[in-house]
Amino acid sequence: MLSKTENIERFGETVSAMALAKEILWINPKGMENQFSSQITQKDIDLAEARLQRFAPYIRKVFPETQKSGGVIESPLKEIPKMQKQLTKLLGVEHTGTLLLKCDSHLPVSGSIKARGGIHEVLKFAEDVALKEGKITLEDNYEIFTEDSFKEMFSRYSVAVGSTGNLGLSIGIISAKLGFQVFVHMSADARQWKKDLLREKGATVIEYQDSYQKAVAEGRKAAEGNTMCHFVDDEGSLDLFMGYATAGRRLAAQLAEKKVIVDEEHPLFIYIPCGVGGAPGGVSYGIKKIFGEHAHCFFAEPTHAPCMALGMITGLHDEISVEDIGLDGKTAADGLAVGRPSRLVGKTLETLIDGISTIDDEKLYGYLKALADTEDIWIEPSACATFDTIARVLKNAEYLSMYHLGDKIKKATHILWATGGSMVPIDEMQQYYNKATLFSDR
Ligand SMILES: *Cc1c(COP(=O)(O)O)cnc(C)c1O
């Protein structure tokens with residue numbers, strides 16, 4: 001194993017800056033290749049979508065907030081013209097073209113992007129169990145999952161997960177609803193209200209005064225050797241990935257509805273906050289499957305936990321952690337407090353992630369406040385990590401020329417993916433808001 005100094009020296013300028021917790025924008029030199037993994041096809045993603053459709057009658061029944069969407073867990077895609085103006089003012093770069101906010105912060109059931117992957121994985125487990133026990137066929141109306149005999153069956157099984165908070169919330173809520181025993185292993189970053197809420201829903205919460213990795217490892221260990229326990233592996237699960245990837249086709253439909261064109265002349269830019277990489281990786285994969293080279297996908301991470309950037313730049317993926325370059329992994333963006341990237345995502349998206357930016361923690365509150373003040377949309381600090389990425393990409397001459405975006409950039413659509421926030425208690429949200437100093441004092 002190399003020492004911290006050796007690691008930093010070996011990987012050049014960008015990693016040196018990252019080791020000092022400086023903000024960076026890394027452009028993926030392989031981003032033009034757009035190579036898809038032969039392991040994950042559109043067919044696989046469609047199978048996940050079909051499963052979510054089968055469960056829609058059940059979801060509609062047990063989560064009445066999904067009534068309007070017919071039991072489909074989906075979020076609005078919103079214009080944010082006042083925020084667009086504000087961002088132009090704050091960052092000194094005009095966002096010509098269209099700016100949209102994808103409000104996964106307001107996804108029904110669990111209020112974060114984890115409602116996509118997490119709920120899909122638990123539904124798949126439930127379906128597998130019910131099929132194996134001869135309780136259903138794929139043609140049945142899945143409202144049947146509300147019956148007591150299903151709850152009794154599932155109570156013999158358990159689900160385990162390690163999380164910084166939001167994944168635990170998603171897994172806990174859906175698992176408890178189906179009747180599974182559920183064990184959520186929470187890292188030190190997890191907020192108290194998330195643990196309280198989970199316990200209230202009937203989940204067993206196990207707390208660690210340690211990092212996310214530790215929580216995941218403990219969850220894995222507890223599930224090991226227990227054939228009745230399903231472990232949701234945030235560091236490499238394909239079922240999570242597929243759930244996230246269904247966002248691609250859903251987004252395409254929403255864009256079409258808004259008459260937003262995406263083609264050679266009208267590029268699409270997506271900006272998503274990144275923790276272990278599963279959510280932004282799966283969503284980006286689904287989007288690139290639909291829009292190919294016309295879509296540009298950027299991730300954003302905290303300066304103290306830039307694990308995906310480090311894995312991608314070094315090519316070491318999950319074989320290097322931010323601690324290896326001397327960073328502490330500590331961040332106010334609790335959903336992004338991850339020191340080592342997914343073993344699945346970096347490799348799978350090696351040529352599909354177009355770039356990664358990092359952001360200082362203090363700035364998150366400023367963007368949180370700006371969005372609340374201008375649009376009355378409230379999202380959590382983690383979800384604000386991308387808000388300056390657009391300006392930095394637009395100012396990046398290297399990127400624009402690499403993709404011949406000169407004139408086309410004016411016709412681009414930019415989507416900020418808001419990843420969480422609607423379940424944050426009001427007083428907690430007020431505290432975040434009050435921490436904003438960056439822009440309010442100017
Ligand atoms: C989990 C999460 C992310 C990032 O997802 P990963 O799969 O960990 O990369 C971003 N924002 C919020 C609010 C999250 O909860």
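Each ligand, and each atom within it, is numbered from 1 in the order the structure gives.
- Cation-pi contact between Lys363 and Phe387: absent, since separation from the ring centre below 6.0 Å together with deviation from the ring axis within 45° is not met.
- Donor-acceptor pairing under 3.5 Å is recorded for the side chains of Asp104 and Ser75.
- Using a 3.5 Å distance cut-off with no hydrogens or angles, the side chains of Glu293 and Tyr403 do not pair a donor with an acceptor.
- Exactly one of Lys214, Arg191, Lys194, Arg199 qualifies for a salt bridge (charged side-chain N to carboxylate O under 4.0 Å, His left out) with Glu207. That residue is Arg199.
- No side-chain N or O of Asp427 forms a donor-acceptor pair with one of Gln431 less than 3.5 Å apart.
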Pairs under 3.5 Å, nitrogen or oxygen of ligand 1 with protein nitrogen or oxygen:
unit_1	atom_1	unit_2	atom_2	d
ligand 1	7 (O)	Gly278	N	3.2
ligand 1	7 (O)	Ala279	N	2.8
ligand 1	8 (O)	Val276	N	3.0
ligand 1	9 (O)	Gly275	N	2.7
ligand 1	9 (O)	Val276	N	3.2
ligand 1	9 (O)	Gly277	N	2.7
ligand 1	11 (N)	Thr419	OG1	2.6
ligand 1	15 (O)	Lys114	NZ	2.7
ligand 1	15 (O)	Asn166	ND2	2.7

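- Aromatic pair His230/Phe180: centroids not less than 6.0 angstrom apart.
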